[in-house]
Visitor: 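Before I ask anything, here is the structure I am working with.
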Amino acid sequence: MLANFCSILKLVFSTLMLVMLLAACSGGGNRVPTKYYLINPVESGALDFTLDKPLAIEIIDVHIPQYLERFHIATRIGVNRLKFSEANQWGENLRKNLMRTLSRNLSRLLSTQDIGTPLNRSSSLPDYRVQLYIEQFELDVDHKVRLAVRWQISATDTPEPLAIHHLEMVGSAIEANDYDQMVTSMRQLYGELSRMIAESILSEVNK
């Protein structure tokens, strides 16, 4: 009788293990793979200007809100609420990504290779320094990407900023949960911002 009880117990245990194994395999098969994104430089030509020598530019820093420092992509789902996506993440720290992209955008727009950043120092003494403060950069509740930003430009021989600019930009409407489209809109807005920063630098050169 004891032998029969042990046999039944083994059968029940084996059945439970099989059920758990099948459940694990089923769950793993339905798992949505994580997508990783970057905000890449835009393909743009140089601005129309003439200088005796290429400019040397230093990007002092790109400041972003702390909630954007996470790898999970943030979107707004209410006036005071955020959602972070598990399945859609940044491929690297967003601040570093934006700094590198701004550097490459300015390099193309201003026709210069001499762009220094905290990630890539330049040995040149910069003609102008740029500091960027991003206050908002995500999909808003109206399904449009919003970029609220200010930046300041200073010269090497001037302790005070030469100019401080404020700007808010809005992209086109995005379909629900379309992260590819959302990141494309962010890239376009950031490219437009880079052009405005380049133009503000040239306006200081021409003063």
Visitor: With a 4.5 Å cut-off on side-chain heavy atoms, are H72 and S85 touching?
Guide: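 Heavy-atom side-chain distance check fails, nothing below 4.5 Å.
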Visitor: Check for a donor-acceptor pair, side chain of R187 on one end and backbone N or O of N40 on the other, with a separation under 3.5 Å.
Guide: yes
Visitor: Treat each ILVMFWY residue as a node, draw an edge where side-chain heavy atoms are under 4.5 Å apart, and state whether M196 and L110 are in one component.
Guide: yes
Visitor: Can you tell me how far apart CG (L119) and CG (D61) are? Round to the nearest 0.5 Å.
Guide: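 Reported value, rounded in 0.5 Å steps: 9.0 Å.
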Visitor: Is a donor on one side and an acceptor on the other found under 3.5 Å between the side chain of N206 and the backbone of L202?
Guide: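 It does hold such a pair.
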Visitor: Indicate yes or no for a side-chain donor-acceptor contact from T101 to the backbone of L98 under 3.5 Å, with no hydrogens or angles considered.
Guide: no
Visitor: Is there a path of hydrophobic side-chain contacts, each under 4.5 Å between heavy atoms of I/L/V/M/F/W/Y residues, joining V205 to L109?
Guide: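 Same hydrophobic cluster.
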Visitor: Check whether I60 and L94 end up in the same hydrophobic cluster, where Ile, Leu, Val, Met, Phe, Trp and Tyr are linked by side-chain heavy atoms less than 4.5 Å apart.
Guide: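 No; tracing contacts between hydrophobic side chains, which count when under 4.5 Å, never links both residues.
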Visitor: Is there a side-chain contact between V141 and V79 (heavy atoms, below 4.5 Å)?
Guide: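 SC-SC contact between V141 and V79 ruled out.
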Visitor: Given the rule in the side chain to side chain contact (heavy atoms under 4.5 Å, CB included) test, do Y128 and L55 qualify, once you have shown the distances and angles that lead to the verdict?
Guide: CA-CA 8 Å; Y128 295 95; L55 290 170; 4.2 Å; yes
Visitor: Quick check against the 3.5 Å criterion: does S200 have a side-chain atom that pairs as donor or acceptor with the backbone of I197?
Guide: yes
Visitor: Mind checking whether K53 and D127 have side chains closer than 4.5 Å, heavy atoms only?
Guide: yes
Visitor: E69 vs R95, test: salt bridge (charged side-chain N to carboxylate O under 4.0 Å, His left out). Steps then yes/no.
Guide: CA-CA 7 Å; E69 292 277 2; R95 172 181 163 274; 5.1 Å; no
Visitor: Yes or no on side chain to side chain contact (heavy atoms under 4.5 Å, CB included) for D178 and D180, after CA distance, side-chain angles and deciding distance?
Guide: CA-CA 6 Å; D178 192 334; D180 288 353; 3.7 Å; yes
Visitor: Do the side chains of R195 and L47 get nearer than 4.5 Å, heavy atoms only?
Guide: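 Side-chain contact under 4.5 Å: yes.
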Visitor: Side chains of I134 and Y190, heavy atoms from C-beta outward: is any pair under 4.5 Å?
Guide: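 Side-chain contact under 4.5 Å: yes.
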Visitor: Are L139 and Y179 side-chain neighbours, meaning at least one heavy-atom pair lies under 4.5 Å?
Guide: no
Visitor: Relative to the ring of Y37, is the ring of W90 parallel (under 30°), tilted (30 to 60°) or perpendicular (over 60°)?
Guide: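 Aromatic pair W90/Y37 classed perpendicular.
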Visitor: Just how far is it from atom CG of L38 to atom CG of N97, taken to the nearest 0.5 Å?
Guide: 5.0 Å
Visitor: Search all heavy atoms of R76 against all heavy atoms of Y67 and return the closest pair with its distance.
Guide: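 Of all heavy-atom pairs spanning R76 and Y67, the closest is NH2-OH, 3.3 Å.
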Visitor: Does E92 form a side chain to side chain contact (heavy atoms under 4.5 Å, CB included) with R100? I'd like the steps, not just the answer.
Guide: CA-CA 11 Å; E92 68 170 331; R100 186 177 294 109; 2.7 Å; yes
Visitor: Looking at every non-hydrogen atom in both residues, tell me the closest pair between S185 and G171 and how far apart they are.
Guide: OG-CA, 3.9 Å
Visitor: Please give me the minimum heavy-atom distance between P126 and E58, naming the atom from each residue.
Guide: CG-OE1, 3.6 Å
Visitor: For S111 versus A46, what's the shortest heavy-atom pair and its separation?
Guide: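 Answer, listing the atom of S111 first, then A46: OG-CB, 3.0 Å.
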Visitor: Do I57 and D114 make a side-chain contact, defined as non-hydrogen atoms from C-beta onward lying under 4.5 Å apart?
Guide: no
Visitor: To the nearest 0.5 Å, tell me how far S122 OG sits from I115 CD1.
Guide: 8.5 Å
Visitor: Mind checking the CE-CG spacing from M99 to N120? Nearest 0.5 Å is all I need.
Guide: 11.0 Å
Visitor: Can you tell me how far the CG atom of L193 sits from the NE2 atom of H165, to the nearest 0.5 Å?
Guide: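 The CG atom of L193 sits 11.0 Å away from the NE2 atom of H165.
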Visitor: Check whether any side-chain heavy atom of L132 lies under 4.5 Å from a side-chain heavy atom of V149, and answer yes or no.
Guide: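 Result yes, sub-4.5 Å side-chain heavy-atom pair found.
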Visitor: Assess whether salt bridge (charged side-chain N to carboxylate O under 4.0 Å, His left out) is satisfied between E138 and R146, documenting all intermediate values.
Guide: CA-CA 6 Å; E138 70 272 344; R146 270 182 169 71; over 6 Å; no
Visitor: Could you tell me whether a side-chain N or O of N105 sits under 3.5 Å from a main-chain N or O of V42, the two making a donor and an acceptor?
Guide: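 Yes.
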Visitor: Examine distances only and state if a side-chain atom of D140 and a backbone atom of H143 form a donor-acceptor pair shorter than 3.5 Å.
Guide: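 No; zero donor-acceptor contacts below 3.5 Å.
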Visitor: Would you check if the side chain of S107 reaches a backbone N or O of S103 as a donor-acceptor pair within less than 3.5 Å?
Guide: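 Not a single qualifying donor-acceptor pair exists.
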Visitor: Could you state the interatomic distance from CZ (R129) to OG1 (T156), rounded to the nearest 0.5 Å?
Guide: 4.5 Å
Visitor: Identify whether F137 and L82 are in the same connected component of the hydrophobic contact network (ILVMFWY, side-chain heavy atoms under 4.5 Å).
Guide: yes
Visitor: Check step by step if side chain to side chain contact (heavy atoms under 4.5 Å, CB included) holds for L167 and W151.
Guide: CA-CA 9 Å; L167 180 69; W151 73 93; 4.0 Å; yes
Visitor: Ignoring hydrogens and geometry, is there a side-chain-to-backbone donor-acceptor pair from Q181 to E175 under 3.5 Å?
Guide: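 Yes; judged by distance alone, with no hydrogens or angles, the pair exists.
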Visitor: Determine whether the side chains of Q131 and H63 contain a donor N or O and an acceptor N or O closer than 3.5 Å.
Guide: yes
Visitor: Test of understanding: clusters of I, L, V, M, F, W, Y form through side-chain heavy atoms closer than 4.5 Å, transitively. Do L189 and V170 belong to the same one?
Guide: no
